[in-house]
Amino acid sequence: MNEQEQQLLLAIADDELILGWRDSEWTGIAPLLEEDVAFSSIAQNEIGHARALYELVARERETTADELAFDRAPDEYRCARIVELRLPDWEKTIARHYLYEEADAARLGQLKDSDDAEIAGLAAKIDREEAYHRMHAQMWFDRLRDEQRFTAALEELRPLLDSARDTHSPELAELWEEMTMVRRSQPAGTRW
Amino acid sequence: MSQREQEFLEYVQSGGQVETTDWMPDDYRAKLIKFIEMHGNSELMGVLPEREWILRAPTLQRKLALTAKVQDEVGHSQLIYRVVEDLGKPRERCLDDLISGKAKFHNVFHYPTKTWGDVGVIAWLVDAAAIISQKALLKCSYAPYARIMKKICWEESFHILHGRDVVLTLMNGTDDQRDLVQEAVTRWWGPLMQFHGNPIPKDDDPMYVWRIKSQGNEEARQQFLDGYVPQIWELGLTVPDAKLRKADDGLWEYSEPDWDELRNVVTGHGPRSQERLDLRRRARESSAWVRQVVLAEAA
Amino acid sequence: MIYEVFRQERKGQPFQHAGSVEAPDAHFADVYAREQYGRRGESTALWVVPRDAVIEIDEFVDELNRNYHRVDGYPLREKLREARERAGTAAPAGDR
């Protein structure tokens with residue numbers, strides 16, 4: 001695996017980690033109890049995907065998935081702007097979910113064609129799980145398509161898919177602070 | 001009590017099971033709804049102290065485990081509210097009463113979580129106290145509730161292991177990490193001892209008389225102490241009660257729990273009661289439109 | 001709408017009622033049932049059915065005790081004992 005491939009995998013992993021966190025922010029307070037449970041599985045899948053991707057890169061760099069996930073500085077993350085935003089409104093969360101899944105499907109499609117068998121294999125596995133996410137996003141899209149607030153959210157968020165990945169919103173630094181506070185309270189290498 | 005009610009009482013007291021469409025005395029139905037509703041409320045409110053730590057979890061594994069645990073609790077509240085709804089009280093009315101303070105939830109969910117130590121101690125000890133009550137509910141006379149308790153108990157089995165894993169890892173770690181656990185145990189001990197309620201005799205407890213509960217409060221507390229004090233002591237941890245000991249007759253002796261604190265807390269005056277109910281209210285209000293769009297069309 | 005969920009734990013086993021979910025349509029019911037009753041791989045298959053579609057039957061009438069088509073209609077012990085005595089092959093005490 002070359003450096004370029006590593007960077008690509010890290011970008012996807014960072015997207016999935018941060019989006020997974022944002023999605024898990026709904027656990028316990030989603031609009032419907034049944035949806036709460038379903039959406040939490042999606043969040044867990046995203047974090048699981050991040051973990052699998054970090055593990056691939058970690059082996060190349062002789063480090064661990066946790067160290068890649070948590071021990072980099074905020075400006076070293078390669079996630080897209082769209083996943084960094086805190087979106088406590090359901091229509092915006094679903095709009096982001098829909099847009100992200102669409103973009104992610106295209107990205108995974110390319111990865112599945114990778115020359116590196118491990119990358120291609122992992123991409124295929126992730127894609128099979130994402131099929132379920134896409135179905136869920138489509139289901140909500142069909143329900144909310146006539147809601148003005150939803151179509152407005154789609155318009156507002158779509159441009160953020162293509163933002164540069166080496167600069168970040170202040171929200172990411174805030175998120176990073178809280179995400180790493182327990183871990184940073186003890187020396188590197190401490191077991192948790 | 002009418003003849004029919006008396007027969008029903010004898011039926012449940014000899015192990016008889018009741019289904020949703022069976023005849024049941026008004027008092028039985030009312031007590032059942034109140035009891036089960038409080039359980040549903042507790043699962044839903046129990047999510048709030050724990051969910052803060054999903055972001056702060058120090059490894060990916062812990063993040064996933066904690067998310068799954070909290071997800072289970074939401075799932076449990078779904079199962080429980082469905083049972084209450086089939087008994088005649090719709091979910092939305094349960095949530096109205098929860099938020100207004102008319103309905104209650106268990107004491108432990110009115111307290112703050114302050115450190116990662118709390119995350120481990122809650123999953124290890126608070127869940128353990130809850131599971132003891134839940135296992136006793138497997139024999140509830142109302143069958144639909146007994147059946148969901150089976151699924152709930154099965155799902156809870158990983159929660160305790162996760163809790164124990166977190167605690168053991170901390171106890172095998174740095175001095176700071178060990179302090180986290182001890183400080184959390186010390187702080188949670190009071191609420192834990194109050195959790196099973198004050199020791200009214202079984203036969204004076206209407207929940208037991210109707211066989212909704214199959215065990216008295218003190219029995220549950222004794223089971224908790226018997227199972228978990230040895231686990232606490234074997235790690236070198238202490239409990240803030242000098243009187244705590246197992247007597248020769250096998251019963252645990254302990255300082256009288258603060259029943260005033262319990263009463264105060266469950267009536268909504270705990271350190272986090274109002275803040276959490278406010279969070280619930282705001283979340284519910286801001287997502288009301290979603291329920292209208294999604295559920296109204298189905299009507 | 002309420003949907004009843006039946007789950008099969010492993011291939012070959014019967015489908016058993018597991019609970020119910022509230023959902024606006026079949027699509028949502030699929031997702032929600034799948035999550036509540038299968039997120040841990042605890043089920044091999046689910047049947048999800050609108051509650052309205054379930055016909056409930058809980059009263060069965062048998063006023064004349066029709067035991068001719070049940071095992072409990074055939075108490076054979078006495079007849080077997082008598083037959084064995086006649087044939088001189090009575091089994092030792094305790095045998096059936």
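Residue B:E234 places its CD atom among more than 12 non-hydrogen atoms of other residues, nucleotides or ligands, all under 6.0 Å distant. The number of heavy-atom neighbours closer than 6.0 Å to CG of A:D115, taken from other residues, nucleotides and ligands shown, is 12 or below. Residue B:D175 qualifies as open at atom CG: its count of foreign heavy atoms under 6.0 Å is 12 or below. Around CD of A:Q4, the count of heavy atoms belonging to other residues, nucleotides or ligands within 6.0 Å does not exceed 12. Enclosure of atom NZ in B:K34 is not indicated, since only 12 or fewer non-hydrogen atoms of other residues, nucleotides or ligands lie within 6.0 angstrom.
Among the candidates A:E67, A:E91, A:R184, the residue making the largest number of heavy-atom pairs closer than 4.5 Å to chain B is A:E91. Chain B forms the most heavy-atom pairs under 4.5 Å with one residue out of A:R191, A:Q186, A:M181, and that residue is A:Q186. Taking chain A as the reference chain and counting heavy-atom pairs below 4.5 Å, the highest number among B:V47, B:V74, B:L279 is found for B:V74. Options A:D89, A:I47, A:D146, A:L17 differ in how many heavy-atom pairs under 4.5 Å they form with chain B, and the most are formed by A:I47.
Heavy-atom distances place no part of B:R284 under 4.5 Å from chain A, backbone and side chain included. Both the backbone and the side chain of B:I54 come within contact range of chain A, each with at least one heavy atom under 4.5 Å from a heavy atom of that chain. Residue B:L44 touches chain A through its side chain alone, counting heavy-atom pairs closer than 4.5 Å. Residue B:A57 touches chain A through its backbone alone, counting heavy-atom pairs closer than 4.5 Å. Of the atoms belonging to A:F39, not a single heavy atom falls under 4.5 Å from chain B. Interface remark: B:V70 contributes backbone and side-chain atoms alike to the contact with chain A (heavy atom separation under 4.5 Å). Heavy atoms closer than 4.5 Å to chain B are found in both the backbone and the side chain of A:A65. Of the atoms belonging to B:R280, it is side-chain heavy atoms, and not backbone ones, that fall under 4.5 Å from chain A. In this structure, chain A has heavy atoms under 4.5 Å from both the backbone and the side chain of B:L55. Contacts between A:L175 and chain B at a heavy-atom distance below 4.5 Å involve backbone atoms as well as side-chain atoms.
Using a 4.5 Å heavy-atom cutoff, the side chains of B:K63 and A:M179 are in contact.
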From CA spacing to verdict: side-chain hydrogen bond (donor to acceptor under 3.5 Å, both in side chains), B:T67, A:Q44: CA-CA 7 Å; B:T67 310; A:Q44 288 169 53; 5.6 Å; no

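Against chain B, the residues from residues 25-35 of chain A that qualify, each with a non-hydrogen atom under 4.5 angstrom away, are A:E25, A:W26, A:T27, A:G28, A:I29, A:P31, A:L32, A:L33, A:E34 in number order. Chain A is approached within less than 4.5 Å, heavy atom to heavy atom, by B:S77, B:Q78, B:Y81 from residues 76-86 of chain B, ordered by number.
Between the side chains of B:Q61 and A:R51, at least one donor N or O sits under 3.5 Å from an acceptor N or O. Side-chain contact of B:Q71 with A:S41: a donor-acceptor pair under 3.5 Å is present, judged by distance alone.
A:S40 OG to B:K69 NZ: the interatomic distance, rounded to the nearest 0.5 Å, is 12.5 Å. Residue B:R56 holds its CZ atom at 12.0 Å from OG of A:S185, rounded to the nearest 0.5 Å. Note that CH2 of B:W289 and CG of A:L144 are 5.0 Å apart. Values are rounded to the nearest 0.5 Å. Rounded to the nearest 0.5 Å, atoms CG (B:L60) and OH (A:Y54) are 7.5 Å apart.
Nearest heavy atom pair, residue A:G48 against residue B:L64, reads N-CD2, 4.1 Å. Between B:L180 and A:W192, the shortest heavy-atom distance links the atoms CD1-CZ3, 4.4 Å.
Side-chain atoms of A:R183 do not come within 3.5 Å of backbone N or O of B:T59 as any donor-acceptor pair.
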